[in-house]
2 protein chains.
Amino acid sequence: MPEPRRITSADVARRAGVSRATVSYVLNATPGQSISPATRSRVLEAAAGLGYAPSAAARTLRTGRSDVVLCLLPDWPIGNEVGNLLGNLSTELARAGLTFVAHPGSRADRPIAEIWKAITPAAVLSFSDFSDGETEAMRAAGVALVVALLGRAGRHGRELEVPQQLIGRRQAEHLCGAGHRRLGYAYPDDPRLQIFAEPRLSGVRAFGEPVVRTVPLDAGPAADAVARWCADGVTGICAYNDEVALAVLAGARRLGPGAPAGLAVIGVDDIPAARLAVPPLTTVTTDQRMLAVHLATTVVAAVGGRTGPPLPTDDLIRVVVRESA
Amino acid sequence: MPEPRRITSADVARRAGVSRATVSYVLNATPGQSISPATRSRVLEAAAGLGYAPSAAARTLRTGRSDVVLCLLPDWPIGNEVGNLLGNLSTELARAGLTFVAHPGSRADRPIAEIWKAITPAAVLSFSDFSDGETEAMRAAGVALVVALLGRAGRHGRELEVPQQLIGRRQAEHLCGAGHRRLGYAYPDDPRLQIFAEPRLSGVRAFGEPVVRTVPLDAGPAADAVARWCADGVTGICAYNDEVALAVLAGARRLGPGAPAGLAVIGVDDIPAARLAVPPLTTVTTDQRMLAVHLATTVVAAVGGRTGPPLPTDDLIRVVVRESA
DNA sequence: CTGTTAGCGCGTTCAC
DNA sequence: GTGAACGCGCTAACAG
């Protein structure tokens with residue numbers, strides 16, 4: 001088989017009877033270059049005719065930056081909602097000509113630098129924080145945007161904080177609105193989730209100090225926790241997420257029909273299992289689509305050297321009312 | 001700020017007092033080149049001292065292939081298990097010096113060619129099938145391995161079929177072993193899942209033709225389905241996955257304590273909500289770790305121009321027995 | 001053996 | 001609108 005040579009800009013130039021420089025100018029619509037409409041269309045035609053596609057590698061080598069946006073995934077289990085967010089983000093970035101990819105796997109496996117050096121991304125997103133050294137290294141390497149989706153607000157002045165506090169606030173607001181005075185907070189068992197759990201809990205605190213208890217994803221231990229909450233006079237539980245909420249529900253059930261009659265539970269995420277729970281779970285959801293659009297806008301702006309708009313926090317988070325609260 | 005110039009192999013060469021070629025030979029341990037231990041260590045030292053890291057872009061440009069393995073995610077919602085698989089895969093590939101990234105988002109957003117052209121991957125994995133044209137284009141572009149994790153077996157002779165049939169088989173086996181004679185199959189509502197559902201269903205068929213019914217993730221419609229199954233004399237249900245199983249359970253519950261007393265239900269995936277369900281859900285899980293190791297081995301082999309070992313199917317799929325079946 | 005020279009891969013961009 | 005150099009690593013051909 002006759003090794004099917006790549007089509008390069010030189011081929012296009014030859015076919016159009018111009019120089020490679022001209023091809024580049026036309027195809028990139030380089031500002032400050034005047035190319036006659038005639039030449040212009042000859043080039044365009046030649047490129048289309050040959051099925052020319054520029055080499056991403058060569059372009060990256062030259063410009064020092066690819067059109068890939070890299071997202072570093074956290075090492076804790078990602079669920080449906082995150083998957084959803086990534087999908088939307090990908091779609092939005094594609095609209096701007098950027099290719100979105102995600103890298104799963106903990107930093108433990110491989111130093112984070114190895115990852116972005118292999119990609120030469122235009123921007124890097126991460127769920128957890130970067131160290132200052134890492135941020136600096138990436139910036140120096142020409143990465144336009146480096147943001148943590150979580151982490152201390154305003155750390156680098158460019159955080160894209162998903163307002164986790166708002167989630168907790170909405171939960172507590174709903175429960176208090178339903179007349180609950182003493183709240184409990186069902187904290188996740190997995191320590192890796194702390195980065196999400198803390199801000200959510202602090203949101204709940206805006207409505208009074210809740211009784212915090214760690215609830216494993218297991219009916220037995222969850223029952224203990226529920227029993228103690230009841231003894232504390234707690235009547236409403238804000239759970240870290242739907243799974244923890246499901247555990248609380250399972251725990252209450254195990255206690256028998258006695259105590260937990262009036263126990264209200266509210267989760268986060270609205271996973272499919274939530275509506276199928278016993279009783280159907282009231283929960284709080286984030287509009288992943290809206291969030292994705294905002295993230296994409298910010299990334300695109302940053303890659304272009306500009307600053308994005310602030311996150312519109314209204315309407316972003318909604319309560320889905322079902323029977324558990 | 002004095003633009004922090006990149007460190008190149010030329011810098012290393014200068015510092016070590018050798019040519020760039022020598023640097024390359026030493027750093028890549030190029031076979032068939034004999035470099036004296038003295039020179040060798042001088043180069044290594046210089047490289048380390050300068051913190052030299054080769055430019056991935058330049059290397060990709062030259063060799064026509066990066067060390068990135070691209071995985072095209074399906075457009076249907078990915079859950080925890082897939083996330084898990086990707087994480088494990090990433091870890092395993094890292095061990096071989098390959099960088100794993102996933103691209104979410106449907107092919108509708110952007111032709112698949114745009115994606116891999118932006119990455120120049122060493123290998124491409126996909127959940128759904130590639131068209132012959134796509135496969136051919138990638139091969140021609142130098143992508144070493146192109147596989148579909150699903151799709152018609154043996155299509156390109158290199159499928160990495162996750163044995164979905166085996167999953168259905170295990171489900172039916174468990175139910176039949178418990179004495180159930182007439183089985184039902186709870187088919188997912190989302191048409192995008194068909195690619196997974198069909199092989200699973202065919203696995204169930206090995207134990208007799210089940211009564212197939214589509215079950216939406218909603219208690220109401222699910223109750224209808226359950227009622228009709230009961231009327232058919234069905235006593236055991238194999239569900240497409242845990243979520244659908246949860247819906248079946250919710251449907252049965254809605255029917256009241258009458259009919260579904262002896263209805264057995266078995267899911268797939270063992271999501272966290274499964275053990276918290278009412279009753280706790282019996283389900284079938286795949287050893288994602290083992291699967292990841294196998295996929296990684298195959299990819300590494302293919303990138304090296306070799307062929308990987310066959311998938312060990314024993315022990316890969318296990319039944320997690322709880323109370324629902 | 002040891003190591004060097006030189007040119008390629010391909011798009012971008014400055015100076016004429 | 002063009003020529004030429006550049007970004008950076010790889011490797012065939014070649015000299016000591």
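Every chain is numbered from 1, with letters handed out A, B, ... down the list of sequences.
- Of the candidate nucleotides dC1(C), dG9(D), dG11(C), dG9(D) has the atom nearest to the side chain of Y52(B).
- In this entry the distance linking CZ of R65(B) with C1' of dC10(C) reads 18 Å, nearest Å.
- Atom CZ in R20(A) sits roughly 10 Å away from atom C1' in dG3(D) (whole-Å rounding).
- Put simply, S55(B) has no side-chain N or O that comes within less than 4.0 Å of OP1 or OP2 on dC8(D).
- Look at CG on D67(B): it is 15 Å from C1' on dC10(D), rounded to the nearest Å.
- For dT2(D), the OP1/OP2 oxygens have a side-chain nitrogen or oxygen of S19(A) closer than 4.0 Å.
- With respect to the salt-bridge test (charged N to carboxylate O, under 4.0 angstrom), the residues E92(B) and R289(B) qualify.
- As rounded to whole Å, 11 Å separates atom P of dT4(C) from atom CD of Q33(B).
- With dG3(D), dC14(C), dT2(C) as the candidates, the nucleotide lying closest to the side chain of Y25(A) is dC14(C).
- Using a 4.0 Å heavy-atom cutoff across all strands shown, I35(A) reaches sugar-phosphate atoms only and no base atom.
- Note on T8(A): only backbone sugar-phosphate atoms sit closer than 4.0 angstrom, heavy atoms only; bases stay farther off.
- The phosphate of dT2(D) (OP1 or OP2) has a side-chain N or O of T22(A) nearer than 4.0 angstrom.
- As rounded to whole Å, 11 Å separates atom C1' of dG3(C) from atom CZ of R42(B).
- Residues L98(B) and V300(B) share a closest heavy-atom pair of CD1-CG2, 4.1 Å.
- For dG9(D), the OP1/OP2 oxygens have no side-chain nitrogen or oxygen of N28(B) closer than 4.0 Å.
- For dC8(D), the base has no donor-acceptor partner in the side chain of R62(B) [N/O atoms by modelled type, under 3.5 angstrom].
- If you check dC10(D), dT12(C), dT4(C) against the side chain of R59(A), the one that comes closest is dT12(C).
- Applying the 3.5 Å distance criterion, the base of dC10(C) shares no donor-acceptor pair with the side chain of R6(A).
- Looking at T99(A), its side chain never comes within 3.5 Å of a backbone N or O of I115(B) through a donor-acceptor pair.
- For R5(A) and dC10(C), the CZ to P distance is 8 Å, given to the nearest whole Å.
- Nearest-nucleotide assignment on DNA chain C puts the 5′-proximal partner with A21(B), out of A21(B) and P54(A).
- A donor-acceptor pair is defined here as one N or O able to donate and one able to accept, closer than 3.5 Å; no such pair exists between the side chain of H103(B) and the backbone of I112(B).
- Between the C1' atom of dG11(C) and the CG atom of L50(A) lies a distance of 16 Å, rounded to the nearest Å.
- Residue T60(B) is classed as having no contact, given no heavy-atom separation below 4.0 Å to the nucleic acid.
- The phosphate of dT2(C) (OP1 or OP2) has a side-chain N or O of S34(B) nearer than 4.0 angstrom.
- Here D190(B) pairs with R192(B) in a salt bridge; the nearest charged N to carboxylate O distance falls below 4.0 Å.
- Counting any heavy atom pair closer than 4.0 Å across all strands shown, V18(B) reaches sugar-phosphate atoms only and no base atom.
- Using a 4.0 Å cut-off between charged side-chain N and carboxylate O, D67(B) and R59(B) make no salt bridge.
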